[in-house]
Amino acid sequence: MESFCESIVKYFMVLCNSLFAFAGVVLIGVGAYAQIAAKDYLNFLGDNYVNTPIFIIILGVVVFAIAFFGCYGAGKENKCLIYTYTTLLVIILIAQIGAAIAAFVLKGDLKMEITKNMEKSIKNYNVEGFEGVTLTWDLVQKNLKCCGVENFEDWKNVTHFSDGGVPDSCCIAGQVEGCGKAPVDPANLFSDGCFTLFSDQFVSNLSIVGAVAAGIALGEMIAIAFACCLGKRVGRGGNYV
């Protein structure tokens, strides 16, 4: 009966680690998606947002590697390998929980960071040396169908548009050259501000990253328990293959 239980635990460990290898790929994919989605909007996003997906990608690679280590240790029923695997998994679990917490905590800070960066960068629109800022604003306004931080009137505070004009990317009809020149008809401009639409999109991405990391961490807790159980049973049987 004990041998049967040991076999169940061992093969469950192999199954768990196969799933963890897949989970590692998922972490890499989710982190890469969040990173790629942010690449054109770095002028609005802070370093903390960019660093979190990178950390998740690194965790995914490590989880993937450790999963194969765990499968090997369980298959060989080697006590030293099993406990080494368990120790590594505990370290990764702590890091993963930290990443999940950081992702959820960062959501509030991210909105403040986006507001600050938008209000700062809008003043540098079309300024020589700030071509990246101009491109970011045009991309955001075209893609999200919005204008300004809160609304199109924010552009009145920008030197280039003090006459009441707006960037051409604010036009509902598309970014046609000259469509944003003063005087402009508000009916022809996007009515929504960009802050709410933009921040909601990236806060949502952080929520996904945090939820995936937390979900996989829960599975890792179960694997740690079974690894400890298998390690104790291998020790009792004196099997150190």
Side-chain angles (χ1 to χ4, degrees), residues 29-57 102-212:
V30 170
Y33 167 76
Q35 185 72 5
I36 291 169
K39 70 181 178 66
D40 291 325
Y41 308 112
L42 299 181
N43 287 301
F44 291 170
L45 299 168
D47 291 337
N48 287 336
Y49 178 91
V50 178
N51 291 338
T52 300
I54 291 173
F55 184 57
I56 292 294
I57 292 171
F104 286 117
V105 169
L106 184 58
K107 290 195 297 183
D109 294 338
L110 181 61
K111 287 197 171 188
M112 290 189 291
E113 187 76 15
I114 291 172
T115 302
K116 181 181 73 176
N117 290 338
M118 279 187 162
E119 290 175 347
K120 179 181 177 182
S121 64
I122 197 171
K123 296 173 183 177
N124 293 319
Y125 186 91
N126 255 353
V127 174
E128 187 176 349
F130 291 90
E131 289 78 10
V133 168
T134 304
L135 179 61
T136 300
W137 267 109
D138 285 338
L139 279 172
V140 169
Q141 292 185 146
K142 282 192 300 183
N143 295 341
L144 298 184
K145 301 186 186 309
C146 58
C147 187
V149 180
E150 298 296 337
N151 53 55
F152 74 92
E153 292 190 352
D154 291 326
W155 289 105
K156 291 180 180 178
N157 300 318
V158 180
T159 304
H160 291 290
F161 302 105
S162 57
D163 59 355
V166 296
D168 295 335
S169 53
C170 279
C171 298
I172 294 175
Q175 192 172 354
V176 180
E177 187 175 356
C179 69
K181 286 184 178 179
V184 294
D185 183 355
N188 295 328
L189 306 177
F190 296 124
S191 57
D192 293 324
C194 295
F195 167 70
T196 300
L197 296 173
F198 183 82
S199 60
D200 285 351
Q201 177 178 325
F202 283 92
V203 165
S204 175
N205 286 351
L206 276 181
S207 297
I208 293 170
V209 169
V212 170

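Just so it is clear, the model here is predicted, and its values are computed rather than measured. Side-chain atoms are counted along with the backbone in the values below, which use heavy atoms only and exclude waters and symmetry mates.
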Original post:
Considering all heavy atoms of both residues, which atom of A182 and which atom of G164 are nearest to each other, and what is their separation?
Top reply: CB-C, 3.9 Å

Original post:
Got a second to check how far D185's CG is from I172's CD1, nearest 0.5 Å?
Top reply: 9.0 Å

**OP:** May I ask you to check whether the SG atoms of C147 and C194 are separated by less than 2.5 Å?
**Re:** no

Original post:
How are the rings of Y125 and W155 set relative to one another: parallel (under 30°), tilted (30 to 60°) or perpendicular (over 60°)?
Top reply: perpendicular

Subject >> Check: S199 and F44 side chains under 4.5 Å, non-hydrogen atoms >> reply: no

Original post:
Which pair of heavy atoms, one from S169 and one from D138, lies closest together, and at what distance?
Top reply: OG-OD1, 2.8 Å

Original post:
Measuring from L139:CG to F198:CZ, what's the distance to the nearest 0.5 Å?
Top reply: 10.0 Å

**OP:** State, to 0.1 Å, how close V127 and T134 come at their nearest heavy-atom pair, and which atoms those are.
**Re:** N-OG1, 4.5 Å

Original post:
Is there a donor-acceptor pair closer than 3.5 Å between any side-chain N or O of N124 and the backbone N or O of F130?
Top reply: no

Subject >> I122 to V158 - nearest heavy-atom pair and separation >> reply: O-CG2, 3.4 Å

**OP:** Compare every heavy atom of F195 with every heavy atom of K111, then report the nearest pair and how far apart it is.
**Re:** O-CE1, 3.4 Å

Original post:
Taking all atoms of both residues into account, what is the closest heavy-atom pair of V176 and D168, and its distance?
Top reply: O-CG, 3.4 Å

**OP:** Using the test salt bridge (Lys or Arg N to Asp or Glu O under 4.0 Å), find all partners of K181 that sit at least two apart in sequence or belong to another chain.
**Re:** none

Original post:
Taking only residues two or more places apart in sequence or in another chain, which ones pass salt bridge (Lys or Arg N to Asp or Glu O under 4.0 Å) with K142?
Top reply: none

**OP:** Answer whether the closest heavy-atom distance between the side chains of Q201 and L144 falls below 4.5 Å.
**Re:** yes

**OP:** Would you please name every residue forming a side-chain contact (heavy atoms from CB on, under 4.5 Å) with E153, sequence neighbours left out?
**Re:** N151, K156

Subject >> Spacing of CD belonging to E150 relative to CE belonging to M118, to within rounding of 0.5 Å >> reply: 9.5 Å

Original post:
How many angstroms lie between atom CZ of F152 and atom SG of C171, to the nearest 0.5 angstrom?
Top reply: 12.0 Å

**OP:** Hey, could you give me the CG/NZ distance between D192 and K145, rounded to the nearest 0.5 Å?
**Re:** 11.5 Å

